[in-house]
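Before I ask anything, let me first share the structure, which is written out below as structure tokens.
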Amino acid sequence: MSPPTTFVYAHLNARLRPLDRAELYEGPLQEALEESGMAEVTGGGTMQAQSGEIEYCGIDLDVHDMDKAVPQICSLLEQMGAPRGSRLEFEHAGVQQQVAFGKLEGLAIYLNGTELKPEVYAESDVNHVWSEIERLLEGAGSIQSYWEGPAETALYLYGDSVDVMRERIAGFMAAYPLCERARYETIA
């Protein structure tokens with residue numbers, strides 16, 4: 001007879017495309033949990049705003065041992081880079097509960113896709129922006145995902161400090177033409 005399971009939803013305060021969520025969190029979490037047998041990943045999802053931009057994502061879990069699995073799941077997701085504002089949601093002993101986790105801060109950079117001079121779009125490359133930001137952030141954060149909207153492209157950065165990430169990329173962002181009129185939003 002199998003032990004009873006409890007459905008647990010890991011609400012990740014991360015703006016990740018489904019493929020990025022699977023690569024960064026779902027796969028590694030399933031692999032880590034298989035060893036313990038305390039829980040298993042059963043699915044995942046992405047919540048989008050009306051604009052199509054990602055608001056957050058989540059992972060569905062069946063948990064066999066709530067007392068041991070909940071702290072382990074939180075710890076594993078933090079090790080994988082879960083941002084602040086993430087939480088496990090579940091019903092236990094007839095009571096809805098939430099357990100907060102996550103340490104990293106998040107910064108969205110929105111590149112203007114419609115209001116720059118045509119030659120800027122023709123002569124600039126968003127892949128260069130991506131690689132240069134990654135280089136400048138080394139050890140302080142990374143780009144975990146992106147979104148392409150009708151008027152702008154968002155890059156989602158996560159790291160220990162939004163302020164440090166902004167400081168590290170400030171010179172590049174001010175100098176590279178495609179970054180003109182970029183806007184920033186703290187997202188975690």
When you look at E40 and L33, which way does the side chain to side chain contact (heavy atoms under 4.5 Å, CB included) test go after all the steps?
-> CA-CA 6 Å; E40 61 185 298; L33 292 173; 5.9 Å; no

N112 CG to R183 CZ distance, which is reported to the nearest 0.5 Å |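 So the gap between those two atoms works out to 9.5 Å.
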
Separation between CE of M47 and NE2 of H11, rounded to the nearest 0.5 Å |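 Output value for this atom pair is 9.0 Å.
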
CD (E138) with more than 12 external heavy atoms under 6.0 Å |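 No.
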
Partner of L16 by side-chain contact (heavy atoms from CB on, under 4.5 Å), out of Y25, Y156, W147 |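 Output: one option passes, namely Y25.
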
In one Ile/Leu/Val/Met/Phe/Trp/Tyr side-chain cluster, 4.5 Å: L24, Y158 =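 Each belongs to a different hydrophobic cluster.
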
Dump the intermediate steps for side chain to side chain contact (heavy atoms under 4.5 Å, CB included) on D163 and R166, then the final yes or no.
-> CA-CA 5 Å; D163 293 336; R166 283 191 70 155; 5.5 Å; no

Note, E123 side chain near P177 side chain (heavy atom, < 4.5 Å) |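 E123 vs P177: side chains apart.
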
From CA spacing to verdict: side chain to side chain contact (heavy atoms under 4.5 Å, CB included), E115, E180 = CA-CA 9 Å; E115 298 174 343; E180 183 183 340; over 6 Å; no

Of all the heavy-atom pairs spanning C57 and R21, show the shortest one and how long it is.
->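 Smallest heavy-atom distance, with atoms named: CB-CD, 3.8 Å.
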
Which other residues end up in the same hydrophobic cluster as V126, if Ile, Leu, Val, Met, Phe, Trp and Tyr are linked when side-chain heavy atoms come under 4.5 Å apart?
->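 Traced through the cluster, V126 reaches L107, I109, L111, L116, V120, Y121, V129, W130, I133, L136, L137, I143, Y146, L155, L157, V162, M165, I169, F172, M173, Y176, L178, Y184.
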
Spacing of D20 atom CG and R15 atom CZ [to the nearest 0.5 Å] =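 Rounded to the nearest 0.5 Å, the CG-CZ separation comes out at 14.5 Å.
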
Counterpart residues, side-chain contact (heavy atoms from CB on, under 4.5 Å), relative to Q96 (two or more places apart) |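 Here the qualifying residues are E91.
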
Does a side-chain heavy-atom distance below 4.5 Å link F101 with I73?
->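 In short, these two side chains do not touch, never coming nearer than 4.5 Å.
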
Determine whether the side chains of Q30 and E34 contain a donor N or O and an acceptor N or O closer than 3.5 Å.
->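 Yes - a donor-acceptor pair under 3.5 Å links their side chains.
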
Has E23 got more than 12 heavy atoms of other residues, nucleotides or ligands less than 6.0 Å from its CD?
->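 Not buried by this count: 12 neighbours or fewer within 6.0 Å.
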
Going by atom types alone, do T5 and D62 pair a side-chain donor with an acceptor below 3.5 Å?
->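 No, D62 and T5 have no side-chain donor paired with an acceptor closer than 3.5 Å.
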
Provide the closest heavy-atom pair for G81 versus L104 in the form atom of the first, atom of the second, distance.
->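 Nearest pair, atom of G81 first, then L104: O-CD1, 3.4 Å.
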
Under the side chain to side chain contact (heavy atoms under 4.5 Å, CB included) rule, what do I54 and R17 come out as? Steps first, then yes or no, please.
-> CA-CA 7 Å; I54 299 158; R17 297 175 317 128; 4.0 Å; yes

From S75 atom OG to M80 atom CE, the distance as rounded to the nearest 0.5 Å |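 S75 atom OG to M80 atom CE measures 9.0 Å (nearest 0.5 Å).
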
Y9 OH to D60 CG distance, which is reported to the nearest 0.5 Å =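 The OH atom of Y9 sits 7.0 Å away from the CG atom of D60.
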
So how far is it from L12 CG to S86 OG, rounded to the nearest 0.5 Å?
->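 OG of S86 is found 5.0 Å from CG of L12.
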
Minimum heavy-atom separation for T114 to P150, with atom names?
->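 Looking at all heavy atoms of both residues, the shortest contact is CG2-O, 4.0 Å.
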
Measure across G52 and Q48 and return the closest heavy-atom pair with its distance rounded to 0.1 Å.
->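 Heavy-atom minimum between the residues: O-NE2, 2.8 Å.
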
Which pair of heavy atoms, one from V99 and one from C74, lies closest together, and at what distance?
->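 Closest approach of V99 to C74: CG1-SG, 3.9 Å.
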
Least distance between heavy atoms, A154 atom then E53 atom =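 The answer is CB-OE2, 4.3 Å.
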
Enclosure of E55 CD (heavy-atom neighbours >12, cutoff 6.0 Å) |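 Yes, CD of E55 has more than 12 neighbouring heavy atoms, counting only those of other groups under 6.0 Å.
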
Does V8 share a hydrophobic cluster with V41, counting links as ILVMFWY side-chain heavy atoms below 4.5 Å and allowing steps through other members?
->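 The answer is yes; both residues are in one hydrophobic cluster.
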
